[in-house]
Structure formats: structure tokens, C-alpha cells
Amino acid sequence: MPDDSTVARAPSGTHDVLWPESTRWESLLAAFASRVEGAGYGLAHTPIFEDVRVFRRGIGEASDVVGKEMYEFEDRGGRALALRPEGTAPVVRAFVQHRPPLPWKAWYATPAFRYERPQAGRYRQHHQLGVEALGPADPDLDVEVVSLAEGFFRSLGLAEFELRLNSMGDQACRPAYLELLRAYLSEHRDELCPEHRQRLDANPLRALDCKRPECRAVTAGAPSLADHLCDPCRRHFERVRAGLGALGIPFVLDHRLVRGFDYYTRTTFEFSSEALEAAQNGIGGGGRYDGLVEMLGGPPTPGIGFGIGVERLLLACDAESVFPVAPVPLDAYVVDVAGGTAARDLTDTLRRAGLRADRAFDDRSMKSQLKSADRSGARVAVIIGPDEVAGGVVTLRPLRGSGGQRTVPLDGVVAAVRDAAGHDPIGDDRSRHDAAGPASTV
RNA sequence: GUGGCCGUAGCUCAGUUGGCAGAGCGCCGGGAUGUGGCCCCGGAGGUCGCGGGUUCGAAACCCGUCGGUCACCCCA
């Protein structure tokens, strides 16, 4: 195939986010930022790539993400690096490096990279919003983190989603449970699907969330981790459930919920959209990772967090027809059929006055320019032709709503446009979203 | 990594048994002597993804390849 047909194309599994969809992304980020900053979380930017060991240690060598999905590369200095496949490990790495005072609550918005075969709701570069909270082992922190995600989804208007909850135990009780599970599964080895028959020794937990009917049948009778938690883990889990109940957050217990990263301990949770037809309907998930800081060389420090998939979340919003975002319209569109110098100067004048203004180029016909003005969504057209130039005036033509056009003196244009447009100058509350962080990082 | 389906104009797609490359939308111009939306007329725009094969003749049939999409695996 000639280069031309593939070179101008986003790499497989990646996509462009152009206006007006990009407006929606910014609004989503702003809504998230406002919510989590209002709960004491501070923005953390970390590099988009890290020493590959940051991911290997925490996520686990045996996981699919580390084993076959990482974008690994060597830089010119021979360092082994990887594009981040998820958001937690880098933030925890930053914590270990800088040791901010505890408790430390951070949020992030970042692209994440995994080399997988793309499909609906799954991309090689996707984007995650998330929080991490380090320090407290308090189950109420688990409740806070879960409720932040849940409240965020509700604030967007989502209603058709489910929260599933589980406890993975900790170093005190999980090893014994794993032996129990392995023993049970071994008895039924021949009934498992081929892949999990193979995997039984490496990670028997994985069989629990297998979707194949044969595995389902076996694991239905398998010992449940929830029944084999040590006392501290059991108490922790009970308090998390009680806390969610007290806050009125519905959830279902799912002892099959085994998340794919090794660092999880105790509470794990996942949100899935019930409105999404696609196979990939998980819109967010997370859990506690009380050993991760140590794995990355820090002092024993509990932690918990979640990640939300931006693309999937927006798909879920579409499926429920919620979170529409209308672009802010222009105040004025300058139509110049008198040579163009007036358009050049007048557009500049309007913009300096803080008004949102655009114009046509290339000396197009008046009909064509007005067509563009209409499509731009501008509230008013500012028309300059030979007559206006001769008279030192402009014609203001409302493009939306009622009211006829009128003629105003050139030096009264700003006031007239501001009046006709119902003034919505740049700098109002809407553009303060920038304070939430650079949108370009998402 | 494995499998199903699909690649024709900027977009959505027709294209009969193999016989001149099409429509709608969008874009540009005109109807309107200075006026957007609705309507009418005209115009620009395509190596039918790419390569090979079959044939008098291929967008169509065959093989390969690249790309897209959906599903499995796994995950946001």
C-alpha cells in the first residue's frame, strides 16, 4: 500500500478528539477536578513514561498488562522505560520519591497505553481520571474513594450502572485461601476451560472471573475469599460495607471480582455501565493496595485509589443520553464585502473588547459569508459593505431569535454587539475550567 | 495473539449476471440589482484501500496484503 493512505491516519487503537467533542472532554475533566479538589485531592502530574520496573513490581510479572501489553522501549541512554499502562503505580512512585506528608491525596488525568487489539471501548491509548489516597488504613477512606467515583457518575446524570465490591484479603489470609482455592480447582481441573487449566498454578484467582460456562460452573461452588478473610480483613470489609450503606450507595458483593493487578489488597471495586451494549462496559475500578508503596521502595504505607476510563465513560453517557455539552457560541461574525480591511480591523476590535468574534476570509460572497456566520452559531452578524464604509457605520443583523437588523456608528460597534449578543465576554466562569489543570494532558 | 464482517467522493452509502463511476448530505457559485436558515439551478471533488491473477472487458470474481470494525483474551 502506498504510504499516503496510512501515514495520515492515527495509529491503530488511537483516536483524535476534535471540536466539538473536545469541548465535552474539557467539561468532563473540569467536573471531575472540581469534585475531587473539593474533597481535598490535589493534582499530580507525573511523567508519561517510567522506569519499566515501576510497573513490573506493582502490577505483577504474571499479569497480562505487564506480560504482553506494555509499550516498552529503550531510550538513547540504554534505560528500560515503558509508557504508563495505568495511573496508580506512577503516582505511588512519586510519593516514594518525594515523601509528602500523610495523608496524601492526589488526583490525576492522564493517557494510558496498552498494546491490545482495539475494539469497542478499548483503545491502545485511552485516558484515565483517577485518585490515590495514601496513609490511612481507615475503612472510611475506602468509603470516601468509592463514593467520590459514584458521586461523579451520578453528577453526570448516569443512572444505569452497577457497583461491585469484593475483598481480596491481605498477606495474612490470602496465601491460605489461595491454597484452598487451588486445591478445590485441582479437583475439578478437567472441567475448567483450557486456559485456566494451564493457569491454575500461576494464579488460580483468575479462574474466578472467567466468563466461560465451564469455568463458571466450577467456580460457582468454589470457596469464597469473603468466607476466609482473617479477622482484621473481615472487620475492615464489614465497615466498608456499612459505610457505603450509610451513605446510600448501592453495591453488590461479587466474590468473583478479581482485579488484574497484583498490588490489590482488601477492598476492590468496579463500576460497569448497564447501558453499554459493548463487551467493554467497565467504566471505572480500583481498590486498596496496602503493599505497593513498599514494593516500590518506600516505608509501609496503606493506599487506595480508582481509575475511570474517559472514553468508556463518555460512551456510557451517550448510551444514557446524558452529559451533553454545547459549545459556547460566538458573539459576532464579521461579514465584509468591502475588501476585507474592515473585517481585519473590526474583528480585532471586538476581540480586544473581550467579545468572541470570527470572520470569513478570501473575499467570499455575502451570501456565502452569511451562511458561515449562521453555521458558526454567532448571535449577530456585523456586516460591512461599501455603503457602510462610506457612511462610517456597520449593519448589525441578529442571527438568532427575533429582531430586525439595524445600523450603528462604527465607534459604537463594541457596545452594540455586546448588547445584541447579551454579552458573554471571555473570562466568565466557564473558562475558569483551566484552573483545574492543563487539558492537554488528557 | 486468534476468529467473523467490512474497505466506492470530505461524510453516509447505492452500484443488477462482470459492460461508460452514482445518490444524498457537506463544500463553492448562482437564482437575489447587498442579506443566513427553507426552496430551485449549476459546479468542483474519486488510482473504487493497495498489489497480483482470471477475462475481450473487473468497483464487482480469485489470491495476497494493508486498514477498519466486532468478538475472544484482558482491562478503563
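Just so it is clear, the values below take in all heavy atoms, side chains as well, and ignore hydrogens, waters and symmetry mates. Proteins get letters first, then strands, A, B, ... in listed order; numbering begins at 1 in each.
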Q: Quick one: label Gly121(A) by what it contacts on the DNA or RNA (base, sugar-phosphate, nothing), any heavy atom closer than 4.0 Å.
A: base

Q) If you look only at pairs with a residue in residues 391-416 of chain A, which of them pass as a ring-ring contact (aromatic ring centres under 6.0 Å, His included), with sequence neighbours excluded? A) none

Q: Rounded to the nearest angstrom, tell me the gap between atom CG in Asp262(A) and atom P in C74(B).
A: 14 Å

Q: Rounded off to whole Å, could you give me the CE-to-P distance for the Met70(A) and A76(B) pair?
A: 15 Å

Q.
Assuming nearest nucleotide by heavy-atom distance, tell me which of Pro118(A) and Asp64(A) is located more 5' along RNA chain B.
A. Pro118(A)

(Q) Please report the distance separating the C1' of C56(B) from the corresponding atom of G51(B), rounded so that it comes out in whole Å. (A) 23 Å

Q.
I'd like the P distance from C74(B) over to U65(B), given in whole Å.
A. 28 Å

Q. Base, sugar-phosphate, or nothing: which does Ala120(A) touch, judged by heavy atoms less than 4.0 Å apart?
A. sugar-phosphate

**Q.** From CA spacing to verdict: ring pair (Phe, Tyr, Trp, His ring centres under 6.0 Å), Phe271(A), Phe306(A)
**A.** CA-CA 10 Å; Phe271(A) 292 90; Phe306(A) 66 71; 7.6 Å; no

Q.
With rounding to the closest Å, how many angstrom separate the C1' atoms on A21(B) and G57(B)?
A. 16 Å

Output a table of donor-acceptor pairs, distance under 3.5 Å, between side-chain atoms of residues 275-288 of chain A and any protein atom two or more places apart or on a different chain; print 'none' if there are none.
residue, atom, partner, partner atom, Å
Gln280(A), OE1, Arg312(A), NH2, 3.4
Asn281(A), ND2, Ser273(A), O, 3.3
Arg288(A), NE, Asp142(A), OD1, 3.0
Arg288(A), NE, Asp142(A), OD2, 3.1
Arg288(A), NH1, Pro136(A), O, 3.4
Arg288(A), NH1, Asp290(A), OD1, 3.0
Arg288(A), NH2, Pro136(A), O, 3.4
Arg288(A), NH2, Asp138(A), O, 3.4
Arg288(A), NH2, Asp142(A), OD1, 2.6

Q) Which value, in whole Å, describes the distance between the P atoms of nucleotides A14(B) and A23(B)? A) 16 Å

Q: Tell me whether the centres of the aromatic rings in Phe73(A) and Phe49(A) are closer together than 6.0 Å.
A: yes

Q: Using a 4.0 Å heavy-atom cut-off across all strands, classify Tyr123(A) as base, sugar-phosphate, or nothing.
A: base

Q. Ring-on-base stacking between His126(A) and A76(B), under 5.5 Å between centres and under 30° between planes: is it there?
A. yes

(Q) Any donor-acceptor pair under 3.5 Å linking the side-chain atoms of Thr46(A) with those of Arg93(A)? (A) no

Q.
Taking the six-membered ring of Tyr115(A) as reference, does the cationic atom of Arg124(A) (NZ for Lys, CZ for Arg) lie under 6.0 Å from its centre and within 45° of its axis?
A. yes

(Q) Please determine whether a side-chain nitrogen of the Lys or Arg among Asp331(A) and Arg379(A) lies less than 4.0 Å from a carboxylate oxygen of the Asp or Glu. (A) yes

Q. Taking only residues two or more places apart in sequence, or in another chain, which ones meet Asp358(A) in a side-chain contact (heavy atoms from CB on, under 4.5 Å)?
A. Leu330(A), Tyr333(A), Arg351(A)

Q. Nearest-Å distance, OH (Tyr115(A)) to C1' (C73(B))?
A. 15 Å

Q | Rounded interatomic separation in angstrom, taking CG from Asp16(A) and P from C11(B) | A | 13 Å

Check: residues 151-159 of chain A side-chain donor-acceptor pairs under 3.5 Å, at least two apart:
residue, atom, partner, partner atom, Å
Arg154(A), NE, Glu150(A), OE2, 2.9
Arg154(A), NH2, Glu150(A), OE2, 3.2
Ser155(A), OG, Phe152(A), O, 2.7

Q. Between A76(B) atom P and Arg164(A) atom CZ, what is the distance in whole Å?
A. 11 Å

Q) Which letter, B, S or -, goes with each nucleotide of nucleotides 27-39 of chain B from 5' to 3', with contact meaning a protein heavy atom under 4.0 Å? A) SSSBB--BBBS--

Q: For A71(B), take OP1 and OP2 only and decide whether either is under 4.0 Å from a side-chain N or O of Gln119(A).
A: yes

Q) Once Watson-Crick and G-U wobble pairs under 3.5 Å are found, how is RNA chain B written in dot-bracket notation, 5' to 3', with | for any base paired to another strand? A) (((((((..((((.....[..)))).(((((.......))))).....(((((..]....))))))))))))....

**Q.** Atom pair distance, as rounded to whole Å: CZ in Arg117(A) and P in U69(B)
**A.** 11 Å

Q. So what does Ala278(A) hit on the nucleic acid, given a heavy-atom distance under 4.0 Å: a base, only sugar-phosphate, or nothing?
A. sugar-phosphate

**Q.** Side chain to side chain, Arg56(A) and Val66(A), heavy atoms closer than 4.5 Å
**A.** yes

Q. Atom CG of Asn281(A) and atom P of C74(B): how far apart are they, to the nearest Å?
A. 15 Å

Q. Do the side-chain N or O atoms of Ser12(A) get closer than 4.0 angstrom to the phosphate oxygens (OP1, OP2) of G68(B)?
A. yes

Q: Whole angstrom is fine here: how far is it from CD in Gln280(A) over to P in U69(B)?
A: 14 Å

